[in-house]
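Sequence lines set the chain letters: A, B, ... in the order given, protein chains first and strands last, and positions in each chain run from 1. Note that this is a predicted model, so its numbers are computed, not measured.
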There are 2 protein chains.
Amino acid sequence: MAQSDTVDRILDAAEELFAERGFSETSLRMITSKAKVNLAAVNYHFGSKNALIHAVFARFLTPFSSTLETAFDELEERCAGKPPTLNQTLWALTESAVRMPQRTEKGISIFMRLLGLAYTQSQGHLRKFLEDEYSEPFSRFMRLLKEATPQLSAVDRYWRIQFMLGATAFTMSSSDALIDILQNKIGVDTTVQEIAARLVPFLAAGMQAEDAMLVPPAGSKVSIA
Amino acid sequence: MAQSDTVDRILDAAEELFAERGFSETSLRMITSKAKVNLAAVNYHFGSKNALIHAVFARFLTPFSSTLETAFDELEERCAGKPPTLNQTLWALTESAVRMPQRTEKGISIFMRLLGLAYTQSQGHLRKFLEDEYSEPFSRFMRLLKEATPQLSAVDRYWRIQFMLGATAFTMSSSDALIDILQNKIGVDTTVQEIAARLVPFLAAGMQAEDAMLVPPAGSKVSIA
DNA sequence: CTGAGTCTCAAACGTATGTTTCAAACAGAC
DNA sequence: GTCTGTTTGAAACATACGTTTGAGACTCAG
């Protein structure tokens, strides 16, 4: 039982290539040649390409999941019965993501990009896998959000949560490209941590927007009911 | 010159399948069998699969582009020199999208989903095509946003625009699924127009969030500089 | 009617994919 | 050293893909 590093090399290569190119656009041959392992090793160790995708997600999602649980535990303990505020809840999530032990310097970007892909490129099997394995911290986050925004109706809260998810998944999944564009345009360099620090207040403000703004301006042809 | 409907049947089928499954996951054989045309017709009429993708986008993006130009013209005329407000600008965009003449009842969802895919699944050729063909209304929208938020630094505005794009593209591209989930959860039915009416105030509030909120709460390990 | 141009069709081509096979190499236990 | 179970290697397999081909049907001007 040599406990070879073949499995890890495959996971490393797959993680990076999936994040760069997506799932369908990444072939097993790209992965094995980048990892310098034999093609058959993937099916030997993982069984199938889909199972490899699941393994890539499990490797970073399982520790993230427990980090998040701990962060929520601490937060609720610190609040001693009172529900945490929206800002505190969002920051707990953000810091758990940012503080995750990373294998490489690009770890956070890859992490975020994979999460974004999981939502946008979900081929059924992935969505099901994620729901089955990691629904608990997700539900808990939802409960915290609900307690932090008691003024919102259930419908309003539902849609605004989707807006938050979208802003986050979309921005973070393209963070590398967006950072490059900003660099070329204004000459400012940015880190993923900085993006997160700018994102949280945007989300919090949107989440707490006045309902009165729901009314379109005069002359508009769009109505909401 | 029978002016056959083969071209339109291919475009209709391709549009729907692309929106459902993405580009790489949709084969020409799926398209031609759904459209009930011969496989070779695609390459005969369009030249390649990539050119077909471009044609699908051009068919709805070209009229949308001119609708948007008109809406911006009207808006700037109505404001008579003064820069339009953020709310007005966002509503002009929203109404242009919602009021587009649709081929089917699902037209708006497909429209939005394709736009989302263009951003997230962009395989280079698509991004380049869109930039080459439709950069003008995009630039104009950006200029209006800049004039409507003079209090923001260029960097802040850049990131907040990305957040807006993300919330919009993500939510609208999955609007069908999200509407179904809400129906099953709370028993409330929703239209795409309603989502848009809820989205605009969220975006406006986020866009105008206080910079002070950039500071993480006490005890946080995340800094922005 | 004829013939050039436009379009459709079934079939095949070349390539790339995920997966399987099976022999060889390797490890540690006895 | 030998044996047993585990891991690797090169090759092949079956399938699906985008694209091309060439023959046949159609339209319509001359």
Only one of A:Lys49, A:His125, A:Glu133 forms a side chain to side chain donor-acceptor pair (under 3.5 Å) with A:His54, so which one is it?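 Going through A:Lys49, A:His125, A:Glu133 one by one, the side chain to side chain donor-acceptor pair (under 3.5 Å) with A:His54 is satisfied by A:His125 alone.
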Could you state the atom-to-atom distance from [atom1] of [X] to [atom2] of [N] in whole Å?
X	N	atom1	atom2	result
A:Glu25	D:dG18	CD	C1'	15 Å
A:Phe46	D:dT8	CZ	C1'	15 Å
B:Asp5	D:dC26	CG	P	16 Å
B:Tyr44	D:dA23	OH	P	17 Å
A:Lys49	C:dG18	NZ	C1'	8 Å
A:Asn43	D:dT7	CG	P	15 Å
A:Leu28	C:dA16	CG	P	15 Å
B:Phe23	D:dC17	CZ	P	17 Å

Can you find a side chain N or O atom of A:His45 that sits less than 4.0 Å from OP1 or OP2 on D:dT8?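 Indeed, a polar side-chain atom of A:His45 lies that close.
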With respect to the phosphate group of C:dA16, does any side-chain polar atom (N or O) of A:Ser27 fall under 4.0 Å of OP1 or OP2?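 Result: no.
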Taking 4.0 angstrom as the limit, do B:Lys34 and B:Glu20 come out as a salt bridge?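 Between B:Glu20 and B:Lys34 there is no salt bridge, as every charged N stays at least 4.0 Å from the carboxylate O atoms.
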Considering only NZ, NE, NH1 and NH2 on the basic side and carboxylate oxygens on the acidic side, decide whether B:Glu136 and B:Arg140 come within less than 4.0 Å.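 Looking at B:Glu136 and B:Arg140, the cut-off is not met.
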What nucleic acid atoms does A:Thr26 come within less than 4.0 Å of, heavy atoms only: base, sugar-phosphate, or nothing?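 Counting heavy atoms under 4.0 Å across all strands, the contact made by A:Thr26 is with sugar-phosphate only.
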Looking at every non-hydrogen atom in both residues, tell me the closest pair between [X] and [Y] and how far apart they are.
X	Y	value
B:Pro137	B:Leu68	CB-CD2, 4.1 Å
B:Ile31	B:Ala13	O-CB, 3.7 Å
B:Phe170	A:Gln162	CD2-O, 3.8 Å

Between C:dT8, D:dC17, C:dT17, which nucleotide gets closest to the side-chain atoms of B:Thr6?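 Among C:dT8, D:dC17, C:dT17, the one nearest the side chain of B:Thr6 is C:dT8.
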Given the rule in the side chain to side chain donor-acceptor pair (under 3.5 Å) test, do B:Ser24 and A:Glu25 qualify, once you have shown the distances and angles that lead to the verdict? CA-CA 7 Å; B:Ser24 303; A:Glu25 292 78 6; 2.5 Å; yes
Polar atom pairs between nucleotides 9-12 of chain C and protein, under 3.5 Å, N or O only, would you list them?
from, atom 1, to, atom 2, distance (Å)
C:dA10, N7, B:Asn38, ND2, 3.3

At how many degrees, to 10°, do the end axes of the helix from C:dC1-D:dG30 to C:dC30-D:dG1 meet when each uses five pairs?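 Nearest ten degrees gives 10° for this helix.
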Donor-acceptor under 3.5 Å (B:Arg157 side chain, B:Thr149 main chain):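 Side chain of B:Arg157 to backbone of B:Thr149: a pair is present.
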Which pairs would a plain distance check flag for residues 110-117 of chain A, meaning a side-chain donor or acceptor within less than 3.5 Å of a matching protein atom at least two apart in sequence or in another chain?
from, atom 1, to, atom 2, distance (Å)
A:Arg113, NE, A:Ala19, O, 2.5
A:Arg113, NH1, A:Ser173, O, 2.8

